2 protein chains.
Amino acid sequence: MTTNTFDFIGGDKGQWKVISINTVCGLPIETVQYLDILPHLTNTGNKGVWTLTGFTSNVRYAEKDEREKLIAVQSDLGRPLATYAALIPIRKTESWWTMAQDERRKIFEAKSHHTETGLKYLPAIARRLYHCRDIGQPFDFLTWFEYAPEDSVKFEELVKSLRETEEWKYVDREMDIRLIKS
Amino acid sequence: MTTNTFDFIGGDKGQWKVISINTVCGLPIETVQYLDILPHLTNTGNKGVWTLTGFTSNVRYAEKDEREKLIAVQSDLGRPLATYAALIPIRKTESWWTMAQDERRKIFEAKSHHTETGLKYLPAIARRLYHCRDIGQPFDFLTWFEYAPEDSVKFEELVKSLRETEEWKYVDREMDIRLIKS
């Protein structure tokens with residue numbers, strides 16, 4: 001059975017303590033004290049105040065060279081030193097989704113340098129992308145980042161760079177939830 | 001809530017009468033007499049002998065020009081004249097899914113002419129693609145086709161052309177279920 005689908009449960013317990021919840025754009029979500037992450041299949045009732053569900057999938061934009069560079073340098077999740085985390089759920093506009101693959105790729109990389117920018121901050125920032133648009137969720141993606149406290153400045157740079165891109169003009173709902181390992 | 005996710009229920013009732021179930025490659029599925037298609041959310045218990053679930057999504061390979069050509073010429077599902085249908089569930093190999101986007105695109109279109117071939121048979125053959133790899137299903141895609149009895153020869157040509165492509169070397173499980181409106 002699938003193990004690629006995970007629940008991100010905001011509530012009163014969990015592995016991650018919530019430091020801040022910032023609404024970057026669009027509707028806010030309810031404030032919670034903790035975040036728990038569980039495989040969707042084994043989660044039989046822990047719903048918390050809210051649950052966001054997403055699945056990992058194959059790469060959608062990265063080309064062969066980019067993918068090889070990413071694999072060579074990226075870090076795994078769960079490093080003991082990475083006690084800081086961020087959950088940034090994002091929704092993109094309908095105009096993004098109705099574009100063809102080459103139009104989206106052009107904005108994603110040629111104009112916004114999404115992969116190239118991300119590479120600059122590896123291996124310090126470990127990240128994973130969860131998809132959720134196709135399963136009736138309020139966001140299209142749950143982006144997850146883990147890093148050591150001393151890499152906080154790098155992380156802020158990464159987030160700032162991405163938010164200034166043309167790609168981000170197509171983001172119409174974004175939350176920024178910062179966490180510390182509890 | 002989402003209305004992009006559908007259950008394809010093989011059992012003893014449904015809008016479509018099963019004419020044949022052919023295992024093209026990989027494991028077979030159990031024989032059934034009828035197929036019912038219901039929105040996943042409103043299906044509260046009809047599981048039949050088997051249920052395959054899939055969701056419609058954004059285009060993954062088609063480029064702007066191809067997409068415009070497709071939109072200009074494609075037919076809607078549910079035409080009264082289209083009393084024949086085919087459900088062809090497909091699974092692709094791990095080696096397909098671990099390729100980068102440009103590698104998959106190259107095989108999909110430059111080498112296999114998937115969209116170009118499909119266009120030749122529009123508007124006679126109406127089709128819709130449902131994705132299911134990401135939600136723990138036994139297949140990666142449910143491909144659905146509707147056509148008039150007089151277009152049966154065209155449909156056989158289309159299916160034969162696609163099965164001879166390089167893309168199809170990455171298909172390791174395929175069923176071919178033929179149906180007639182009941």
Side-chain angles (χ1 to χ4, degrees), chain A residues 1-7 39-43 52-72 91-110 114-115 129-142 170, chain B residues 1-7 39-43 53-72 91-110 114-115 128-142 170:
Chain A
M1 290 298 291
T2 180
T3 54
N4 68 328
T5 305
F6 293 85
D7 289 344
H40 183 68
L41 272 178
T42 59
N43 180 14
L52 300 172
T53 303
F55 56 77
T56 59
S57 186
N58 58 296
V59 295
R60 304 285 170 90
Y61 297 105
E63 299 191 345
K64 189 167 188 283
D65 290 355
E66 294 159 354
R67 191 161 176 276
E68 285 168 0
K69 281 184 208 162
L70 285 168
I71 289 170
R91 191 182 67 186
K92 284 179 169 171
T93 61
E94 278 305 307
S95 61
W96 173 265
W97 291 110
T98 54
M99 278 192 278
Q101 177 69 22
D102 58 330
E103 297 175 286
R104 282 181 277 110
R105 160 76 198 181
K106 198 181 291 169
I107 294 167
F108 182 88
E109 199 57 38
H114 189 126
T115 303
L129 178 66
Y130 298 85
H131 299 258
C132 39
R133 174 177 168 80
D134 292 322
I135 53 171
Q137 288 282 305
F139 295 95
D140 293 344
F141 303 103
L142 309 175
Y170 296 90
Chain B
M1 290 299 292
T2 180
T3 54
N4 68 326
T5 305
F6 292 86
D7 289 344
H40 182 68
L41 271 179
T42 59
N43 179 16
T53 302
F55 55 78
T56 59
S57 187
N58 58 296
V59 295
R60 304 285 171 90
Y61 297 105
E63 298 191 345
K64 187 166 188 285
D65 290 355
E66 294 158 355
R67 190 160 176 278
E68 285 169 359
K69 280 184 207 162
L70 284 168
I71 289 170
R91 190 182 67 186
K92 283 180 169 172
T93 61
E94 277 306 306
S95 62
W96 172 266
W97 291 110
T98 55
M99 278 193 279
Q101 177 69 22
D102 59 329
E103 297 175 288
R104 282 182 276 110
R105 161 76 198 181
K106 197 181 292 171
I107 295 167
F108 183 90
E109 198 58 38
H114 189 127
T115 302
R128 187 167 293 168
L129 178 65
Y130 299 85
H131 299 258
C132 38
R133 173 178 170 79
D134 292 321
I135 53 171
Q137 288 282 305
F139 295 94
D140 293 343
F141 303 103
L142 308 175
Y170 295 89

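Just so we're on the same page: letters track the sequence lines, and every chain starts at 1. Owing to the predicted nature of the structure, the values given are computational and were not obtained by experimental measurement.
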Participant: At what distance, to the nearest 0.5 angstrom, does NZ of A/Lys106 lie from NZ of B/Lys64?
Facilitator: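 The distance works out to 8.5 Å.
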Participant: For residues A/Asp134 and B/Thr56, report the shortest heavy-atom separation together with the two atoms involved.
Facilitator: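 Looking at all heavy atoms of both residues, the closest pair is OD1-O, 3.9 Å.
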Participant: Restricting to non-hydrogen atoms, name the atom on B/Val59 and the atom on A/Arg104 that form the minimum distance, rounded to 0.1 Å.
Facilitator: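 For B/Val59 and A/Arg104, the tightest heavy-atom pair comes out as O-NH2, 2.6 Å.
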Participant: Where is the tightest heavy-atom contact between A/Arg60 and B/Gln101, given as atom of each residue plus distance?
Facilitator: O-OE1, 3.1 Å
Participant: Would you name the heavy atoms of B/Ala62 and A/Ala100 that are closest together and state the gap between them?
Facilitator: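 For B/Ala62 and A/Ala100, the tightest heavy-atom pair comes out as O-CB, 3.4 Å.
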Participant: Which atom pair, heavy atoms only, marks the closest approach of A/Glu63 to B/Asp102?
Facilitator: CA-OD1, 3.1 Å
Participant: May I ask you to decide if B/Ser57's main-chain N or O and A/Arg133's side chain share a donor-acceptor pair within less than 3.5 Å?
Facilitator: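 Checked: no pair found.
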Participant: Please classify the contact between A/Tyr61 and chain B as side chain, backbone, both or neither, with a heavy-atom cut-off of under 4.5 Å.
Facilitator: backbone
Participant: Picking from B/His40, B/His131, B/Glu103, which has the most non-hydrogen pairs under 4.5 angstrom with chain A?
Facilitator: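 That would be B/Glu103.
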